[in-house]
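Worksheet: the structure to be examined is printed underneath.
Residue numbers begin at 1 in each chain, while the letters A, B, ... track the order of the sequences.
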There are 2 protein chains.
Amino acid sequence: MSPRNTIAESRRTRQRIIDRSVAIASVDGLAGLTIGRLAIDLSMSKAGVLGHFGTKEALQLAALERASAMFTSLVWEPAAALPPGLTRLQAVCEAWIAFLDTERAEFPGGCLFTAASVEFDGHTGPVRDTVARLLTVWRRRLVSELRYAVEAGELPSGADPEQIVFELVGLYLNLNQSIQLFGDTTAPARTRHALARLLGTDQPRAD
Amino acid sequence: MSPRNTIAESRRTRQRIIDRSVAIASVDGLAGLTIGRLAIDLSMSKAGVLGHFGTKEALQLAALERASAMFTSLVWEPAAALPPGLTRLQAVCEAWIAFLDTERAEFPGGCLFTAASVEFDGHTGPVRDTVARLLTVWRRRLVSELRYAVEAGELPSGADPEQIVFELVGLYLNLNQSIQLFGDTTAPARTRHALARLLGTDQPRAD
DNA sequence: CCTACCGATCGGTAGG
DNA sequence: CCTACCGATCGGTAGG
């Protein structure tokens, strides 16, 4: 009478654990995520949960990977087929706003990467390294898109892609805070307005 | 042979506990702050630590209050005597950069308010309320300063103080992340550059 | 401000 | 995937 499942069932269980982990970590952080809480939520034993990952750190990394895959599929991939430069960048920026906007069931407590960044920036180890790597990859993609836009003449030749990305990332950090802490429903519009000014798409720009 | 201290000594002990709490919470968060850790760091008993506050939540609130007092004395007060408007705002902005810059022993893990905001934005209760109240007060002060600047003609009459503060806060959130997660030493300069553009102090501005 | 203690929960393991 | 268990630590209390 072993309750041992088939490989397919085991994979499904693993996915369920990770999905739940992402949701919990979005609210309580990756450190606040506990095996016992997961076991209760999923009606499993603690050993059953932990057996899929071995350690809590491996579970945290799996949650980060999954959140990263969600971000990629929701923010980057829909824009992938668009022409590079400002057009594609604006599509990414709009999808990113939707990603952070409320009523998203997958991240009830807000952006997991922002939370994990703040939670682990004072520590060393694989979790911190993974968060830093993901954020760096995304910042670089934005810089690349802006470089293309400058070369294509969509932005003034003096525009500094790294500087623009610095300001752009700040907008999204504040968008997340405005939504999660203040429930500010005007924040998406404020973000769009700032983006238009930052990218020079609000009005023709003197070069 | 009671080790009971005088009132003055008790107050000093309380200050030591709070100072240490701010430093720990800066790295591990207000939730990651534990009585046992404090007791070890301060060579006290857990009961001795907790006796000053009663509950962990009261300790968290005391740490927030103390951090708030530090922010006020380091960022707002030095600029208080300056003329209102852009002059005073720029002094505040510069002090705020210094506040977030590394090698500040009081906040080894970065801005406690940003950390607490992310940590508690998915919860209810006094800690979340206090964080939200502090951030709201500071945002309002910035808006007031900008309103004055607009009325004084230091900014174009069409400038939107709320919008500018939205963008300004994002810069500081990203400054904190850039310093703490990436150790990016160019971040303060990038912040100054963005501020100059945001406040129109980089060049005379067509109204 | 201490010692001594409480029940609850933590991450993790043994063995099946 | 389970039961049963481990030592450690959590916030907090009693009593002095």
Going by heavy atoms in the side chains, are [X] and [Y] under 4.5 Å from each other?
| X | Y | result |
| --- | --- | --- |
| B:Glu145 | B:Arg141 | no |
| A:Leu89 | A:Tyr148 | no |
| B:Leu199 | B:Leu146 | yes |
| B:Ile24 | B:Arg37 | yes |
| A:Ser10 | A:His52 | yes |

Nearest-Å distance for atom pair [atom1]/[atom2], residues [X] and [N]:
| X | N | atom1 | atom2 | value |
| --- | --- | --- | --- | --- |
| A:Asp28 | C:dC10 | CG | P | 11 Å |
| B:Leu59 | D:dC10 | CG | C1' | 14 Å |
| A:Leu38 | C:dT9 | CG | P | 15 Å |
| A:Ile17 | D:dC2 | CD1 | C1' | 14 Å |
| A:Ile40 | C:dT9 | CD1 | P | 7 Å |
| A:Gln15 | D:dC1 | CD | P | 12 Å |

Please tabulate, one pair per line, each protein N/O and nucleotide N/O from nucleotides 11-14 of chain D that are separated by under 3.5 Å, including the distance.
unit_1 : atom_1 : unit_2  : atom_2 : d
D:dG11 : OP1    : B:Lys56 : NZ     : 3.0
D:dG11 : OP2    : B:Ile35 : N      : 3.1
D:dG11 : N7     : B:Lys46 : NZ     : 3.0
D:dG11 : O6     : B:Lys46 : NZ     : 3.3
D:dG12 : OP2    : B:Lys56 : N      : 2.5

Hits for side-chain contact (heavy atoms from CB on, under 4.5 Å) against A:Ser21, two or more places apart or cross-chain, chain-then-number order -> A:Ile17, A:Leu33, A:Leu38, A:Leu59, A:Ala63

Taking atom types as modelled, is there a side-chain donor on A:Ser178 or A:Asn174 under 3.5 Å from an acceptor on the other?
yes

Worksheet item: If we ignore angles and hydrogens, is there a donor and acceptor under 3.5 Å between the side chains of B:Asp160 and A:His193?
Response: no

Base-paired stretches in DNA chain C with three or more consecutive Watson-Crick or G-U pairs, both distances under 3.5 Å, amount to C:1-16 with D:1-16

